[in-house]
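Here the structure comes first, spelled out in structure tokens, and everything after it is commentary.
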2 protein chains.
Amino acid sequence: MGISERKEREKGEMKKMITTAAMKMFLEDGYAKTSIRNIADSIEYSPGTIYLYYKDKDELLYEVQAQAFLQLLETFKTKAISKNPIERLEQLGKAYVSFALENPELYDLMFIIRAPMNVDEDLHKDNGVATFNCLADCLEECMKNGLLIFKDPVQAGLQVWSMMHGLVSLNLRCRLKVMAIEEESIKPVLFKAVEEYLDSIVV
Amino acid sequence: MGISERKEREKGEMKKMITTAAMKMFLEDGYAKTSIRNIADSIEYSPGTIYLYYKDKDELLYEVQAQAFLQLLETFKTKAISKNPIERLEQLGKAYVSFALENPELYDLMFIIRAPMNVDEDLHKDNGVATFNCLADCLEECMKNGLLIFKDPVQAGLQVWSMMHGLVSLNLRCRLKVMAIEEESIKPVLFKAVEEYLDSIVV
DNA sequence: CAAATATACTGAATGGTGTTCAGTAAATCC
DNA sequence: GGATTTACTGAACACCATTCAGTATATTTG
């Protein structure tokens, strides 16, 4: 019967409505300053209704994080298209840094809360994994052709991602202030860092 | 007259009493779960009293952060003592990673909140700067002797710090899960990363 | 079709939060 | 010794996340 299907669909639409409003408000006002009440207000439902669709505020955040990782994955797919794996690696790195610079609040959201993939064994649709694999695959292709200094693919992924994440997260937390880098030169400085670093890991 | 001096001293003692309790509770229960009321309770004063010494909860955090940076600086000074700047660089890197692994809550506290040094022009006693300079000085000495691949000292500091921060912060936010690194091998894997990376930047 | 049930939603209530401020009591000053 | 400054209190304010008895609508059953 079509009724249960319609119900399912309506449930999905409601969840989307909530997450869309939540994402908008998280980005505009920050996670901490966005209350369930505010979200409920903005979609014209009572606060209790949100709890019929999401266990708590954290679960709402996880949903938004999943969407954010998907967004980053999309960026990778459109910006890192070179057939040459080394070139593609640079495209990935710059896409990552650009993403963080252009969506600082979103990037922050993706890394605020500890253990967002803590449902552990659960088959939590993990966009984070898919996004990381985009990088891992590229590194693997580079290494297969002996183009990188790494011997261990785990180390390769760890080090490259750490460098990218380190660059953008130190910037987002304003820790670059201690290096006296002026605001307007941040982007070129970070891009230079990506280029120099990637140059330093090709054989 | 000695009265105002005693008052000054007592004020300082009170501030220390508050920050000590705050640090303890931030580390035990986390920043978000620690309330001004809880802190007041633990030192047996009323909530209002805390506001006579600190403007708000954030200012309390900044104080704790300053102390944490001082603590990291101390770690650097005791663990990075080699005369050889390249050796010292490795000691610094490992000290940094160890510090984060051994004090995860503290490290988190140092990088949770956006713009902690946002009093800007104010001569906010900046332990963060002093700590970073420890690294910057070491890098400068290496570069002066032509031991590193870097040409620009700013890039050197940025890249090295980014790698260290990236490694430990991805770990703290449980983002290493996507690489399927087992819990017990995290420390050796991170140390290996530090060694490999530093090897890759010496000429 | 009507009664029974299931679903979707409400909004007040609970027990918290950061922060303020009138009031009080003690210490210091004149 | 009276006036004033200082240190502190704790109730009050405006929020917060979350829960849950109650209601109204939709669906199913007899």
Side-chain angles (χ1 to χ4, degrees), chain A residues 1-26 28-65 109 112-114 116 118, chain B residues 1-23 25-26 28-65 109 112-116 118:
Chain A
M1 52 181 67
I3 287 177
S4 66
E5 287 162 22
R6 193 203 69 214
K7 288 270 166 101
E8 204 64 31
R9 184 162 25 89
E10 284 176 350
K11 196 153 192 161
E13 280 164 11
M14 190 69 173
K15 286 192 94 171
K16 182 140 230 162
M17 192 180 179
I18 295 170
T19 43
T20 302
M23 161 97 76
K24 190 168 180 290
M25 299 178 76
F26 286 168
E28 275 170 11
D29 313 322
Y31 178 72
K33 279 187 184 168
T34 302
S35 70
I36 296 287
R37 278 175 174 74
N38 297 155
I39 298 170
D41 264 9
S42 88
I43 58 170
E44 297 177 294
Y45 280 86
S46 87
T49 302
I50 289 177
Y51 287 88
L52 299 173
Y53 296 88
Y54 293 96
K55 190 174 119 291
D56 55 22
K57 202 184 168 188
D58 276 358
E59 202 170 284
L60 212 40
L61 176 65
Y62 299 155
E63 195 71 36
V64 170
Q65 284 182 332
L109 225 49
I112 289 173
I113 301 282
R114 273 194 238 220
N118 54 1
Chain B
M1 52 183 69
I3 287 178
S4 68
E5 286 162 23
R6 194 202 69 215
K7 288 269 168 102
E8 204 64 31
R9 185 164 21 92
E10 283 174 351
K11 196 153 193 163
E13 280 162 11
M14 190 70 173
K15 287 191 93 171
K16 184 143 228 161
M17 191 179 181
I18 294 170
T19 43
T20 302
M23 160 98 75
M25 299 179 76
F26 286 168
E28 274 169 14
D29 313 321
Y31 178 71
K33 281 186 183 167
T34 303
S35 70
I36 296 286
R37 276 175 176 76
N38 296 155
I39 298 170
D41 265 10
S42 88
I43 59 170
E44 297 176 293
Y45 279 86
S46 88
T49 302
I50 290 177
Y51 287 87
L52 299 174
Y53 296 89
Y54 293 97
K55 189 174 120 290
D56 54 23
K57 200 184 168 189
D58 276 359
E59 201 170 285
L60 212 39
L61 175 66
Y62 300 154
E63 195 71 37
V64 170
Q65 285 181 333
L109 224 51
I112 288 173
I113 301 283
R114 275 195 237 219
N118 54 3

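Computation of the quantities below employed the complete heavy-atom set of this structure, encompassing side-chain atoms and omitting hydrogens, waters and symmetry-equivalent molecules. So that the names make sense, note that chain A is the first sequence line, chain B the second, and so on, each numbered from 1.
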Return the value, rounded to whole Å, for the distance between atom [atom1] of [X] and atom [atom2] of [N].
X        : N       : atom1 : atom2 : value
Glu8(A)  : dT27(D) : CD    : P     : 14 Å
Tyr51(B) : dC21(C) : OH    : C1'   : 13 Å
Ile39(B) : dT19(C) : CD1   : C1'   : 13 Å
Asp56(A) : dT18(D) : CG    : P     : 5 Å
Leu60(A) : dA17(D) : CG    : P     : 10 Å
Glu44(A) : dG11(C) : CD    : C1'   : 16 Å
Asp41(B) : dG18(C) : CG    : C1'   : 15 Å

Identify the pairs formed between an N or O of the protein and an N or O of nucleotides 13-16 of chain D at a distance under 3.5 Å, and give each distance.
unit_1  : atom_1 : unit_2   : atom_2 : d
dC16(D) : OP1    : Ser35(A) : OG     : 3.0

Kindly write out the residues that satisfy side chain to side chain donor-acceptor pair (under 3.5 Å) with [X], not counting sequence neighbours, or none if the list is empty.
X        : answer
Glu8(B)  : none
Ser35(A) : Asn38(A)
Glu44(B) : none
Glu28(A) : Lys24(A)

**Study point:** Residue list, side-chain contact (heavy atoms from CB on, under 4.5 Å) with Asp56(A), at least two apart or on another chain
**Key:**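 Asp58(A), Glu59(A).
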Got a list of side-chain donor-acceptor pairs under 3.5 Å for residues 15-22 of chain A, not counting sequence neighbours?
unit_1   : atom_1 : unit_2   : atom_2 : d
Thr19(A) : OG1    : Lys15(A) : O      : 2.9
Thr19(A) : OG1    : Lys16(A) : O      : 3.0
Thr20(A) : OG1    : Lys16(A) : O      : 2.7

Check your understanding: How would you list, by chain and number, every residue that makes a ring-ring contact (aromatic ring centres under 6.0 Å, His included) with Tyr31(B), sequence neighbours excluded?
Key ->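 Result, ring-ring contact (aromatic ring centres under 6.0 Å, His included) vs Tyr31(B): Phe26(B).
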What nitrogen or oxygen pairs link the protein and nucleotides 3-8 of chain D at under 3.5 Å?
unit_1 : atom_1 : unit_2   : atom_2 : d
dC8(D) : OP2    : Tyr53(B) : OH     : 2.4

Revision key, fill the gap. dist Arg37(A):CZ -> Ser46(A):OG (nearest 0.5 Å) comes out at 10.5 Å
